[in-house]
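Some notes on the structure that comes next.
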Amino acid sequence: MPLRLYDTYSRAVRNFTPRRGRDVSIYICGPTVVAPPHVGQLRCQVSFDVLARWLKYRGCTVTLCRNVTDMEDMILRRALMENVPWWLIAETNYRSFFAAYELLGCLPPTVEPRATGHITEMIELIEELLRRRHAYVVDGDVYFSVDSFPEYGRLSRRRAEHMRASAEPGRGKRHPSDFALWKRAKPGEPYWRTPWGDGRPGWHVQCSVMARKYLGREFDIHAGGAPLIFPHHENEIAQSKAAGDGFARYWLHGGTVTRGGEKIHKSVDSPFSLSRILTEVRPIELRYYLAMSHYRSDLEFSWTALRDAAAAFRRIEGFVLRASRRLPHAAPATVVPEPFAAAMNNDLNVPRALTVVWAAVNEGNRALAEGDEAVLADACSRLRAMLGVLGLDPLGEPWAARRARDSRLEQTALALADLVVNLAESARARGDDALADRLLTQVREAMDGVRPVRAEAERPVSLLAG
Ligand SMILES: [Zn+2]
């Protein structure tokens with residue numbers, strides 16, 4: 001059964017055929033590391049992590065390049081505002097992103113290049129575009145000439161007047177939609193030496209260069225969030241194709257996460273930051289919430305929907321854990337059910353695939369109640385195979401190792417709490433009510449942040465209740 005994917009460039013669902021047999025090359029536009037990650041950026045990464053996992057399930061080898069934009073106007077502005085070096089902003093936020101991807105169980109990319117490590121290649125590409133007369137220099141700035149590339153606007157299907165309206169300002173541009181490949185250094189800004197003067201790269205040229213370096217002049221899939229279609233991806237295509245590259249063969253775009261219909265923006269203290277969200281739900285529950293809608297649809301973020309999704313996932317997880325206690329040696333099946341595969345092959349229709357997941361949960365729960373171990377084993381192994389593809393198998397990595405660690409910590413905390421309660425009881429027996437009360441208050445406060453493994457909820461902190 002072929003994998004079919006919606007390709008933004010052709011505005012159609014197409015059969016996906018890799019360039020070379022089963023080797024699939026994917027470029028994902030990574031973050032501009034100006035603020036910690038918010039839920040919108042993370043949803044896109046989770047969606048494309050599911051894509052990579054599905055390709056691997058289908059027997060493909062995936063080479064995934066996800067860049068880091070560590071040099072960009074926004075980073076320089078924030079550094080200036082906070083009076084810190086630009087690289088400190090980039091480095092700090094890069095680490096937040098790295099930790100967030102890992103926390104959400106995203107497989108690591110094959111390569112994660114940083115823009116500032118590829119300036120030489122950027123200068124070379126710009127020289128190539130100047131030589132081919134697709135670019136021109138104006139007083140130290142270098143612009144791409146959109147008139148020199150007739151296909152410009154093809155990806156976004158924008159009309160010329162719309163493109164003009166959102167064009168970036170610039171001195172001496174020949175056409176309003178011409179965009180900067182290189183920006184002349186302003187006083188105090190970081191710069192690199194070039195034949196046309198000191199400066200730094202524009203944003204778009206960074207991705208063209210890193211995609212070429214790691215995936216070659218033509219590769220299979222370019223992915224990113226829908227807001228990047230214009231101008232970022234339009235400009236990437238123009239630069240790369242004008243330089244003679246075939247560039248991406250399929251363009252995949254993930255929907256945006258909105259709040260009140262508005263796109264969630266990058267900000268330092270976003271109420272939708274990962275750290276804020278993880279005070280409400282566990283990372284695996286957030287991953288379920290982000291993965292459960294179709295990757296191309298917009299997601300209107302809601303705390304209620306997030307909590308509902310977390311509760312739903314705990315029902316799936318609870319079943320897997322109960323079943324695995326009954327059948328401790330059961331492994332996931334190697335093949336997913338056919339309807340699940342059909343849904344995934346249909347442009348990664350995860351909502352439909354989840355109906356197959358829930359059918360297995362219901363069947364398994366019935367078998368558990370009836371003590372039918374054969375049906376239970378079958379349902380659970382099928383279920384875990386499907387959850388594995390979605391990166392949501394509670395007994396798979398990274399979740400199993402974390403569960404073991406959390407449960408060890410929790411048991412230690414509970415044992416210590418027991419000890420303090422025993423001390424309080426002895427104090428009360430001696431008539432020292434003041435000490436007993438103080439110990440109990442302190443232990444309740446200390447245990448307040450200790451969250452039992454909620455999916456199991458086997459050992460609530462009952463001795464502290466009341
Ligand atoms: Zn990009």
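Along the sequence shown, residues carry numbers from 1.
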For the residue pair F179 and Y152, categorise the inter-ring angle as parallel (less than 30°), tilted (30 to 60°) or perpendicular (more than 60°).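 Ring orientation, 0 to 90° scale: parallel.
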
Should the ring pair F219 and F247 be called parallel, tilted or perpendicular, given that the plane angle runs from 0 to 90° and is split at 30 and 60? perpendicular

With a sphere of 6.0 Å drawn around OH of Y57, does it hold more than 12 non-hydrogen atoms of other residues, nucleotides or ligands?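 For Y57, atom OH is crowded (more than 12 foreign heavy atoms under 6.0 Å).
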
Test E280 against R307 for salt bridge (charged side-chain N to carboxylate O under 4.0 Å, His left out), laying out the working first. CA-CA 8 Å; E280 296 282 336; R307 286 181 203 116; 2.9 Å; yes

Donor-acceptor under 3.5 Å ([X] side chain, [Y] main chain):
X: Q206; Y: M71; answer: yes
X: R382; Y: V357; answer: no
X: E72; Y: W203; answer: no
X: Q45; Y: L42; answer: no
X: T8; Y: W251; answer: yes

Cation over ring face, [X] and [Y], 6.0 Å, 45°:
X: R14; Y: Y250; value: yes
X: R276; Y: W303; value: yes
X: R212; Y: Y27; value: no

From [atom1] ([X]) to [atom2] ([Y]), nearest 0.5 Å:
X: M386; Y: I316; atom1: CE; atom2: CD1; result: 9.5 Å
X: C207; Y: H222; atom1: SG; atom2: NE2; result: 5.5 Å
X: L55; Y: L348; atom1: CG; atom2: CG; result: 8.0 Å
X: N346; Y: L3; atom1: CG; atom2: CG; result: 9.5 Å

Thinking salt bridges, do [X] and [Y] make one under a 4.0 Å N-O criterion?
X: D220; Y: R19; answer: no
X: D245; Y: K241; answer: no
X: R4; Y: D347; answer: no
X: E285; Y: R314; answer: yes
X: R428; Y: D432; answer: no
X: D298; Y: K263; answer: no
X: E425; Y: R430; answer: no
X: E82; Y: R78; answer: yes

Of R282, R287, E317, the residue whose pairing with W399 passes side chain to side chain contact (heavy atoms under 4.5 Å, CB included):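 Only match with W399 under side chain to side chain contact (heavy atoms under 4.5 Å, CB included): R287.
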
Hey, would you say the H204 and H233 ring centroids sit under 6.0 Å apart? no

Does the ring centre of H253 sit less than 6.0 Å away from the ring centre of Y9?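 For Y9 and H253, the ring centres are not under 6.0 Å apart.
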
Tell me, with the steps shown, if T69 and N67 meet side-chain hydrogen bond (donor to acceptor under 3.5 Å, both in side chains). CA-CA 6 Å; T69 298; N67 76 294; 3.2 Å; yes

For R114 and E91: C-alpha separation, side-chain torsions, deciding distance, then whether salt bridge (charged side-chain N to carboxylate O under 4.0 Å, His left out) applies. CA-CA 11 Å; R114 296 186 182 204; E91 198 58 36; 2.9 Å; yes

